[in-house]
2 protein chains.
Amino acid sequence: MSEPGSSNAHGETRPFRVRSSTAEWAAAILRQRVTQGGLPPGSRLAEDELTAELEVSRNTLREAFSLLGHERLLEHRFNRGVYVRVLSPDDVADIYRVRRMIEGAAVRRPDKDPISLTALRDAVSDAERVAAEGRWLDVGTADLRFHQLIVSFNGSRRVDAMMAQLMAELRLAFHAMDPRGLHAPFLPRNRELLGLLESGRNAEADALLATYLDDAERLLLAVCA
Amino acid sequence: MSEPGSSNAHGETRPFRVRSSTAEWAAAILRQRVTQGGLPPGSRLAEDELTAELEVSRNTLREAFSLLGHERLLEHRFNRGVYVRVLSPDDVADIYRVRRMIEGAAVRRPDKDPISLTALRDAVSDAERVAAEGRWLDVGTADLRFHQLIVSFNGSRRVDAMMAQLMAELRLAFHAMDPRGLHAPFLPRNRELLGLLESGRNAEADALLATYLDDAERLLLAVCA
DNA sequence: CTTATCAAATTGTTCAACAATCCCTACATT
DNA sequence: AATGTAGGGATTGTTGAACAATTTGATAAG
């Protein structure tokens, strides 16, 4: 290791000198555990356990909880503790309602940034490559990146941030499904969508995206309900 | 008073039995001071002062800061304290970019909830009434409510929440302007927009809204820059 | 005029204690 | 058996104090 630091029982290192706060460090660890499935939706996060395990004070841990709560990954019930969020069917429907709005608006835009287009190509290629290797979790990551990049055509920091939050929420639902069945059907459609975007056929891209999102929503609702 | 509670130097009562937390109570007070102009943008919020004034501990105050920071009303500079957010021209531009997207999408929707339409009528009438009385701050509130209701046609909790946050941010910029010059020009246009929505002329409503938002953005940018 | 140094003030983080609330269990009542 | 109602243990909410780290402003040296 090039950076000095203390390590805890789980091997996660905690740097001595960090620019960001200890709370953000703790939040990063918990975020990873949630998004990677180590902490399934509905799990309770007890303060006693985690302060001992992460070796941070209760106050810092609670600040980390607050951060993840605002990302909608954790749910804070007053006097009852924090839980990993459980997505309801209503949540899934709402998330896809927003996706249709902000991805649709992005796709319909006439002016597409060429730099983002190359990033888009990379995301599709990455997804196909890791799919060939059977790494379906990474396929999911590349897929989310693809759609995040589409949203970025809107050119709005705030919309980008909202999309990032929606993607984090969606990961919660992903863990309830077979990752291959979830992502495999959408790989060729991402490739097709990319082609339409490159050639500027915005109306067709819009239509394809709409059916794409409808199908994805249906898939998740079938599990989530 | 029907509810028992302790009161501080500013007359804000703090109920003994609350379902929500003390931090949220403190956040509510600070939120009010920010949105009503008591704390102008750029103000520093010193921990010492506020712990004494609100009679809460430093930890809970910092939790309140965290809450308002996530609402983008306060800005936290590491090791330098928290400040009331100052909107940059980029911020204003971004906010109106998002408004065009989510209000535009709402206006274009064919299915409008009749209940929301009556609420919309009330908002316009309220704005006109308080304008006649010269209460321009309340005009601003009614105007924001009008546009929040428009957004609600999208039928998405998350989009509603985003719009609420944008409105809170916009209030920050409002304080830098003469409230009459800011709101008076838009009263008749809200009335006109309402008429178009009621008669289902969505395309015309969309066009009117677009110029409305362009003009409003220009007005705020002139001050903010 | 610039740079270096130091002290005061403020924020970042932790800890320990106590208050408030929830949850579960046992018991009583119908 | 079902419901209701105290306890008591466990967990969270809140506080105040303490110390570390950083910024800030003033002062002194070059």
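Note on naming: letters A, B, ... go to the chains in the order of the sequence lines (proteins, then strands), and numbering restarts at 1 for each one.
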Report all interatomic pairs (protein N or O, nucleotide N or O of nucleotides 10-12 of chain D) with separations under 3.5 Å.
{"residue": "D/dT11", "atom": "O3'", "partner": "A/R44", "partner atom": "NH2", "Å": "3.1"}
{"residue": "D/dT12", "atom": "OP1", "partner": "A/R44", "partner atom": "NH1", "Å": "3.1"}

Pairing residues for A/T35 by the side-chain hydrogen bond (donor to acceptor under 3.5 Å, both in side chains) criterion, not counting sequence neighbours: none

Counterpart residues, ring-ring contact (aromatic ring centres under 6.0 Å, His included), relative to A/F146 (two or more places apart): none

Contacts of B/H76 that satisfy ring-ring contact (aromatic ring centres under 6.0 Å, His included) - sequence neighbours left out: none

Between atom [atom1] in [X] and atom [atom2] in [N], what is the gap in whole Å?
{"X": "A/E63", "N": "D/dG13", "atom1": "CD", "atom2": "C1'", "value": "16 Å"}
{"X": "A/L61", "N": "C/dC15", "atom1": "CG", "atom2": "P", "value": "12 Å"}
{"X": "A/N59", "N": "D/dC19", "atom1": "CG", "atom2": "C1'", "value": "15 Å"}
{"X": "B/E55", "N": "D/dG13", "atom1": "CD", "atom2": "P", "value": "22 Å"}
{"X": "B/L50", "N": "C/dT11", "atom1": "CG", "atom2": "C1'", "value": "14 Å"}

Within residues 213-223 of chain A or reaching into it, pairs that qualify as side-chain hydrogen bond (donor to acceptor under 3.5 Å, both in side chains) - sequence neighbours excluded: A/R100-A/D214, A/R100-A/E217, A/R189-A/D215, A/D215-A/R218

B/T60 side-chain N/O to D/dT15 phosphate OP1/OP2 under 4.0 Å: yes

Side-chain N or O of B/T22 closer than 4.0 Å to phosphate OP1/OP2 of D/dT14: yes

Residue pairs involving residues 162-176 of chain B (criterion salt bridge (Lys or Arg N to Asp or Glu O under 4.0 Å); sequence neighbours excluded): A/R158-B/E169, B/R72-B/E169, B/R85-B/E169

Minimum-distance pair of heavy atoms, taken over all atoms of A/D91 and B/R157: OD1-NH2, 2.7 Å

